[in-house]
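Comments concern the structure below.
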Amino acid sequence: MKTSWRSASLVASAAAVLALTTACGQDSPPAASQNVGATAAPGDYGSIGTGAGGSASPQPAAPSPSGLSNPAGKLSVSTADEIGKVVTDSLGLTLYRFDQDADQPPKSNCDGDCAKTWPPVPADDAEAGEGIAKSLLGSVTRADGTKQLTVGGWPAYRYAKDVNAGDVKGQGVGGKWYALAPDGKKAQGGGTGGSDLAGLSTRKDAKLGEIVVDKNGMTVYRFMKDEAWPKPVSNCEGACLEKWPLVEPVDFADTKGIQKKGYMIFDRADGKGEQQTINCSPIYTFAGDKAPGDTNGQGVGGTWYAVRPDGKPVGAPAK
């Protein structure tokens, strides 16, 4: 986020109390709207892989009891179509990094069910191969005391659905997971995770109409239990955020087709930092959407809906 945007946000916040009644409000979808999407029990956060866009995905294989996956062995550099150079282990499996982790100092925020889908890579036997600087390899101690490999400070993972050497099925998942480039940065040369899209923009969906997508082309959603008035409040916390990752602040200058009124950020009450809103409503992506164009989160639990450019939920039942 640019400094000018943060400064502008602070100025805007000072006048928020006076402006929120007009800029932020509880909105209802048009009376003629249809309930487009799944019809799970109200309040359900949803199961990853379920919703309007498809059926449940098979459960990935669990990692070893320690939480770590198989040894990494000698690392190498491979070239993935449309993504570029990525780090692979001794079996040719792609290694990934998670945006919600930290590199300074290294810290993993993927535990429990997350670590079943994204098994952490052990640090013990990892060795730098050609194209990878030995100085970039390190380790971080996980909550269970095991040592996880880091590349450029970023904890390294495999993806449970990558079963063959060269697979990069985890690229761009949830807008948070990316293959590791040899320098520890995100591999974003194109394909599933990389794109030339604005930070937030719109696309025409055959079933839902014009909806908002993030920089990776992943569908953006609203949670109907959140609040927009008199100020934005997210009621998606803990395990909910693992399935519905929050959309971090995006400079309005880096958007296309999004309504400016009520476009603001807010500080979450759970300490997870700042979150973007459209028309004051907090926005998210869905971990069950695996590729740009997926709308598996539409209608999940009767509480999650794709977002129109004006911030209104697509297909939510009239109140």
Side-chain angles (χ1 to χ4, degrees), residues 45-50 56-73 75 86-126 137-165 167-180 184 186-187 192-193 218 236-246 248 270-273 284-290 296-297:
Y45 293 142
S47 297
I48 294 176
T50 63
S57 300
Q59 291 296 314
S64 62
S66 68
L68 297 175
S69 55
N70 295 326
L75 306 180
V86 300
V87 178
T88 57
D89 66 10
S90 58
L91 298 177
L93 294 175
T94 304
L95 303 190
Y96 297 88
R97 49 173 279 181
F98 183 33
D99 275 0
Q100 291 184 344
D101 285 349
D103 64 329
Q104 296 181 353
K107 178 175 171 50
S108 169
N109 288 308
C110 179
D111 295 295
D113 288 342
C114 174
K116 293 178 182 178
T117 303
W118 303 92
V121 178
D124 294 342
D125 77 328
L137 302 188
S139 67
V140 60
T141 302
R142 295 178 57 78
D144 62 3
T146 55
K147 297 285 187 181
Q148 181 178 358
L149 173 68
T150 61
V151 179
W154 288 96
Y157 307 82
R158 296 185 182 92
Y159 185 42
K161 293 187 178 181
D162 284 354
V163 295
N164 299 310
D167 283 352
V168 286
K169 296 176 182 177
Q171 176 72 354
V173 167
K176 300 288 183 181
W177 291 91
Y178 296 90
L180 272 162
K186 302 176 188 178
T192 304
M218 306 303 289
C236 177
E237 300 178 348
C240 175
L241 281 180
E242 293 181 11
K243 295 178 180 178
W244 303 91
L246 64 87
E248 296 178 348
D270 59 3
K272 294 296 184 180
Y284 311 79
T285 54
F286 182 43
D289 286 346
K290 304 305 182 184
N296 295 318

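Everything quoted here is computed from the prediction, not taken from an experiment. Numbering of residues begins at 1 and proceeds along the displayed sequence.
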Closest contact, heavy atoms only, Ser139 versus Ala123: CB-CB, 3.6 Å
Any donor-acceptor N/O pair, Lys290 side chain to Ala287 backbone, under 3.5 Å: yes
Interatomic distance, Lys186 atom NZ to Leu180 atom CG [nearest 0.5 angstrom]: 11.0 Å
Parallel, tilted or perpendicular: ring planes of Tyr159 versus Tyr96, cut at 30 and 60 degrees: perpendicular
Salt bridge (charged side-chain N to carboxylate O under 4.0 Å, His left out) partners for Arg97, two or more places apart: none
Check: Leu75 and Leu137 side chains under 4.5 Å, non-hydrogen atoms: yes
Pairwise distance OG1(Thr88) to CG(Leu95) - rounded to 0.5 angstrom: 7.0 Å
Non-neighbouring partners of Asp101 that pass side-chain hydrogen bond (donor to acceptor under 3.5 Å, both in side chains), sequence neighbours left out: Tyr157
Approximate separation, where rounding is to 0.5 Å, of Trp177 CH2 and Cys110 SG: 4.0 Å
Exercise: identify the closest heavy-atom pair between Gln171 and Ala179: OE1-N, 2.7 Å
Ionic contact status for Glu242 with Lys176, cut-off 4.0 Å: no
Under the salt bridge (charged side-chain N to carboxylate O under 4.0 Å, His left out) test, residues paired with Asp270 that sit two or more places apart: Arg268
Backbone of Val140 reached by a side-chain donor or acceptor of Gln148 within 3.5 Å: no
For Asp124, all residues meeting salt bridge (charged side-chain N to carboxylate O under 4.0 Å, His left out), sequence neighbours excluded: none
Over all atoms of both residues, closest heavy-atom pair of Asn296 and Gly288: ND2-O, 2.9 Å
Point-to-point distance, once rounded to the nearest 0.5 Å, from CD of Gln100 to NZ of Lys272: 6.5 Å
With Asp125 via side-chain hydrogen bond (donor to acceptor under 3.5 Å, both in side chains) - residues at least two apart: none
For Ser90, all residues meeting side-chain hydrogen bond (donor to acceptor under 3.5 Å, both in side chains), sequence neighbours excluded: none
Those residues that, when tested against Asn109, pass side-chain hydrogen bond (donor to acceptor under 3.5 Å, both in side chains) (two or more places apart): none
Where Ala126 and Leu149 come nearest, the two heavy atoms and their spacing: CB-CD1, 3.7 Å
Closest contact, heavy atoms only, Cys236 versus Trp244: SG-CB, 4.2 Å
For the student: nearest non-hydrogen atoms of Leu91 and Ala165, plus distance: O-CB, 3.5 Å
Point-to-point distance, once rounded to the nearest 0.5 Å, from CG of Asp99 to CD of Glu248: 6.5 Å
Distance in Å, Asp89 CG paired with Asp162 CG, rounded so as to fall on 0.5 Å steps: 10.0 Å
Electrostatic pair Lys161:Asp167 at N-O distance under 4.0 angstrom: no
